There are 2 protein chains.
Amino acid sequence: MGINDRKDRDKEDLKKKILTAARELFLVKGFENTSIRNIAEKIEYSPTSIYLHFKDKDDLFHALHSEGFELLNAQFSTLHAVRDPFERLIAMGRIYMQFAVENPELYELMFIHTAPIDSLDMHKGEEWLEGKTSFEGLTMTIEGCIQAGYFKFPNTEVAAYMIWSFMHGMISLKICHRCAKVLSEVNQEDILPKSFDAFVTMLEQLRSS
Amino acid sequence: MGINDRKDRDKEDLKKKILTAARELFLVKGFENTSIRNIAEKIEYSPTSIYLHFKDKDDLFHALHSEGFELLNAQFSTLHAVRDPFERLIAMGRIYMQFAVENPELYELMFIHTAPIDSLDMHKGEEWLEGKTSFEGLTMTIEGCIQAGYFKFPNTEVAAYMIWSFMHGMISLKICHRCAKVLSEVNQEDILPKSFDAFVTMLEQLRSS
DNA sequence: TGTTTTACTTAACACTGTAAAGTATATTTG
DNA sequence: CAAATATACTTTACAGTGTTAAGTAAAACA
């Protein structure tokens, strides 16, 4: 039945169209400031047709959230080429940082905004698979660093959380506009690479001690 | 004119009443999920009377935001008793962490939510005084550590931002429900103190190197 | 006593997410 | 081929949001 196939394709097309419009609006105006009606207007459909393809606004959020992780993982995919675990850790950090700088609204969606992750809680069984996978990648790299003697920590997972915390904090203070209001002019522009370098230098010093 | 005084007092009373109701609702339901009408209902006034005392919802936000910093600074006030700068830095971190754990909604308001800080941008001249003051306190303590030879960094302000980043990241990953979904069960409960200790240990190791 | 000010309320506007009911077209069935 | 049904979408509607403008009753002042 080619007809049903075509229908399925049409349906999928509209779903993609919604997602594209939603993405464009979210990334420009932010999630809270984009309404279902805004999206509907952009694609020239009635607002309620969006509900035929997505359960609610959070569902739309999740779709873009997943897209974000696909994009981030695509950036991470070059990492396998970096053999040395410490170099890989640094490269990972740089990629993460660059991703956040280039896609701040997406980053906010993925790591800051609470609504979507809370709606995951609803269906209790569900997990935050995307986040878990990325975190495991970090943990394994750190495990590699420890085994290669770059530094040691009593608990690898805790070390991974510590390092992720620094990266996330640095980025989200910037994204949430808390750092420009606090820093002197010299450091406002490039605080992210500067503070990243300071952290890396600190990690490097752990080797010789 | 005692009458005008009494009137001023009455007016101030209502303002406080609004603020108290707003605080209670914000801290339970969160900022986004608390409406002006909710607050009005709680104090048994019409919604519009709130606008006689606060410009808009962001103005209410700012008031609570300032209250938050007063509370945090009150906690910080014991720090002057800690003479050793490194010990003071650690104590500062613990206080900051405890404040966040005990007042997560307030922390979100002060350091994560974007709306209020963005509305500061509007009136260009205005600054984030509360944040700036706290950050300067951190910077000075770190300066003390450097001078006492605990560690060295090429730029104190960058070091302060790095350390604040870690603290903020650790806390906000927790508050934004990103960590419970990623960590193994052993670490879910007490990841904050654990990762804090890992960071402190790292700082301590910098001395001997 | 009449006028103005103060402190508040009611009504209204332009939004929001979302559910129920209606409609036109396409497909399946008798 | 005609009637019944399913599909894909729209219209309408509800209950909520922040916020403004107009109305009102009481107090203060002239």
Side-chain angles (χ1 to χ4, degrees), chain A residues 1-19 21-22 25-26 28-65 109 113-116 118-119 122, chain B residues 1-19 21-23 25-26 28-65 109 113-119 122:
Chain A
M1 282 295 119
I3 291 176
N4 278 336
D5 290 358
R6 194 218 61 210
K7 285 206 161 187
D8 285 354
R9 258 183 292 128
D10 282 359
K11 198 164 180 178
E12 208 54 40
D13 278 359
L14 182 49
K15 193 163 185 175
K16 275 180 193 158
K17 220 171 165 184
I18 294 170
L19 223 44
L25 288 171
F26 282 5
V28 171
K29 315 203 306 175
F31 176 69
E32 303 287 354
N33 299 320
T34 303
S35 70
I36 300 285
R37 283 172 176 83
N38 293 157
I39 300 167
E41 200 171 2
K42 189 161 183 132
I43 58 170
E44 295 176 298
Y45 278 77
S46 78
T48 45
S49 9
I50 289 170
Y51 289 88
L52 302 170
H53 301 272
F54 296 92
K55 196 187 145 285
D56 53 22
K57 206 186 173 187
D58 273 349
D59 197 19
L60 255 170
F61 198 117
H62 277 118
L64 293 176
H65 167 99
L109 212 108
H113 210 96
T114 18
D118 284 351
S119 84
M122 301 300 134
Chain B
M1 283 294 121
I3 291 175
N4 279 335
D5 289 359
R6 192 218 63 211
K7 284 208 160 185
D8 284 356
R9 256 183 292 128
D10 282 358
K11 198 164 182 180
E12 208 53 41
D13 277 359
L14 181 50
K15 192 164 185 175
K16 274 180 193 158
K17 219 170 166 184
I18 294 171
L19 224 44
R23 184 173 42 241
L25 288 171
F26 282 5
V28 172
K29 315 202 306 172
F31 177 67
E32 303 287 354
N33 299 322
T34 303
S35 71
I36 299 285
R37 283 173 176 82
N38 293 156
I39 300 167
E41 200 171 4
K42 188 160 184 135
I43 58 170
E44 295 176 298
Y45 278 77
S46 76
T48 44
S49 8
I50 289 170
Y51 288 88
L52 302 170
H53 301 274
F54 295 92
K55 195 186 146 287
D56 52 22
K57 207 185 174 188
D58 273 349
D59 197 20
L60 255 170
F61 198 118
H62 276 118
L64 293 177
H65 167 99
L109 212 107
H113 211 95
T114 20
I117 215 86
D118 285 350
S119 84
M122 301 300 135

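When reading the values below, keep in mind they use all heavy atoms of this one structure, side chains included, and skip hydrogens, waters and symmetry mates. Remember, it's a predicted structure, so these values are computed and weren't measured experimentally. Sequence lines set the chain letters: A, B, ... in the order given, protein chains first and strands last, and positions in each chain run from 1.
Listed by chain and number, the residues in a side chain to side chain donor-acceptor pair (under 3.5 Å) with B:Lys42 are B:Glu24 (sequence neighbours excluded).
Distance CZ (A:Phe54) to P (C:dG17): 15 Å, rounded to an integer number of Å. Residue B:Ile18 contributes atom CD1, which lies 13 Å from atom P of C:dA7 at whole-angstrom precision. With rounding to whole Å, A:His53 atom NE2 is found 9 Å from D:dC9 atom C1'. The separation between A:Glu32 atom CD and C:dC15 atom C1' is 15 Å, rounded to whole Å. With rounding to whole Å, B:Tyr51 atom OH is found 15 Å from C:dT9 atom C1'. Atom NZ in A:Lys29 sits about 8 Å away from atom P in C:dT16, given to the nearest Å. If you measure from atom CD1 of A:Ile43 to atom P of D:dA8, you get 15 Å, rounded to the nearest angstrom. Rounded to whole Å, the distance from CG on A:Leu52 to P on D:dT7 is 13 Å.
The aromatic rings of A:His113 and A:Phe31 lie perpendicular to each other, with more than 60° between the two planes, well past the 30° mark. Between A:His65 and A:His62, the ring-plane angle classifies as perpendicular under the 30° and 60° cut-offs.
Judged by atom type and distance alone, A:Thr48 does not reach the base of C:dT18 through any side-chain donor-acceptor pair under 3.5 Å.
Side-chain nitrogen and oxygen atoms of B:Ser49 include at least one within less than 4.0 Å of the OP1 or OP2 phosphate oxygen of C:dT9.
Annotation: the span from A:Phe54 atom CZ to A:Leu19 atom CG amounts to 4.5 Å, rounded to 0.5 Å. Atom NZ of residue A:Lys17 and atom NE2 of residue A:His53 lie 11.0 Å apart, to the nearest 0.5 angstrom. The distance from atom CD1 of B:Ile39 to atom CD1 of B:Ile18, rounded to the nearest 0.5 Å, is 8.5 Å. Between the CG atom of A:Asn38 and the CG atom of A:Asn33 there is a distance of 9.0 Å, given to the nearest 0.5 Å.
No more than 12 heavy atoms of other residues, nucleotides or ligands lie within 6.0 Å of NZ in B:Lys16, so this atom counts as exposed by the packing criterion. No more than 12 heavy atoms of other residues, nucleotides or ligands lie within 6.0 Å of CD in A:Glu41, so this atom counts as exposed by the packing criterion.
Nearest nucleotide to the side chain of A:Leu14, out of D:dC9, D:dT19, C:dT9: D:dC9.
Comparing the helix axis at one end of the helix from C:dT1-D:dA30 to C:dG30-D:dC1 with that at the other, each defined from 5 consecutive pairs, gives an inter-axis angle of 30° (nearest 10°).
Near DNA chain C, defined here as any heavy-atom distance below 4.0 Å, the residues from residues 33-40 of chain A are A:Thr34, A:Ser35, A:Ile36, A:Arg37, A:Asn38, listed numerically.
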